[in-house]
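As structure tokens, the structure follows; a few thoughts come after it.
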Amino acid sequence: MEVALRGEIRAQDAPLVGSALARPADDAPPQIRIDLGHAGELNATTGGAVFFPLLARARLHGTVVIVHHASTRTRAKLRELGLDHCVACPDTSP
């Protein structure tokens, strides 16, 4: 399954986006690919609110989460939150 996030995710919208992003994990797909190529940069607050719900559900179902096309700053925020241990970021292209 692949999901693409687009545009800027504001702090007040991040919990809603996180909840919507987590829903597909309940179907227990083997992997969920998140394309951030057209998304704004995520800071620590929005990154946590967007990814924590997904990662919690994915872990319950054994789903691998893969993030593609994250900007350098977004990857840094994922590392800062410790999420680089929970998601795969195979490419380094912004």
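Please read all numbers here as calculations on a predicted model, not as lab measurements.
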With the 4.5 Å side-chain cut-off for hydrophobic clustering, are Ile66 and Ile34 part of the same group? no
Mind checking whether His38 and His69 have side chains closer than 4.5 Å, heavy atoms only? no
Close side-chain approach of Phe51 to Val67, heavy-atom, < 4.5 Å: yes
At what distance, to the nearest 0.5 angstrom, does CZ of Arg23 lie from CG of Asp27? 11.5 Å
Taking every heavy atom of Pro90 against every heavy atom of His68, the minimum-distance pair comes out as CG-CE1, 3.4 Å
Is there a chain of hydrophobic side chains (I, L, V, M, F, W, Y, each step under 4.5 Å between heavy atoms) that links Leu36 to Met1? yes
Nearest heavy-atom neighbours spanning Gly18 and Pro53: O-CB, 3.8 Å
May I ask you to test the Cys86-Val65 pair for a side-chain heavy-atom distance under 4.5 Å? no
Euclidean distance, Glu80 CD relative to Thr74 OG1, rounded to 0.5 Å: 11.5 Å
Minimum-distance pair of heavy atoms, taken over all atoms of Leu81 and Gly47: CD1-C, 4.1 Å
Can you give me the closest heavy-atom contact between Ala70 and Arg75, atom names plus distance? O-NH1, 2.5 Å
How long is the gap from OG1 on Thr72 to CD on Glu41, to the nearest 0.5 Å? 8.0 Å
Same hydrophobic cluster for Val3 and Leu42, using side-chain heavy-atom links shorter than 4.5 Å among ILVMFWY? yes
State, to 0.1 Å, how close Pro29 and Ile32 come at their nearest heavy-atom pair, and which atoms those are. CG-CG1, 3.7 Å
I need the minimum non-hydrogen distance between Thr46 and Ile9, along with the two atoms involved. CG2-O, 3.6 Å
Distance col, row Leu60:CG vs Leu55:CG, nearest 0.5 angstrom, shows 11.0 Å
For Thr45, is there any backbone N or O sitting under 3.5 Å from a side-chain donor or acceptor partner on Asn43? yes
Rounded to the nearest 0.5 Å, what separates atom OG in Ser19 from atom CZ in Arg57? 6.0 Å
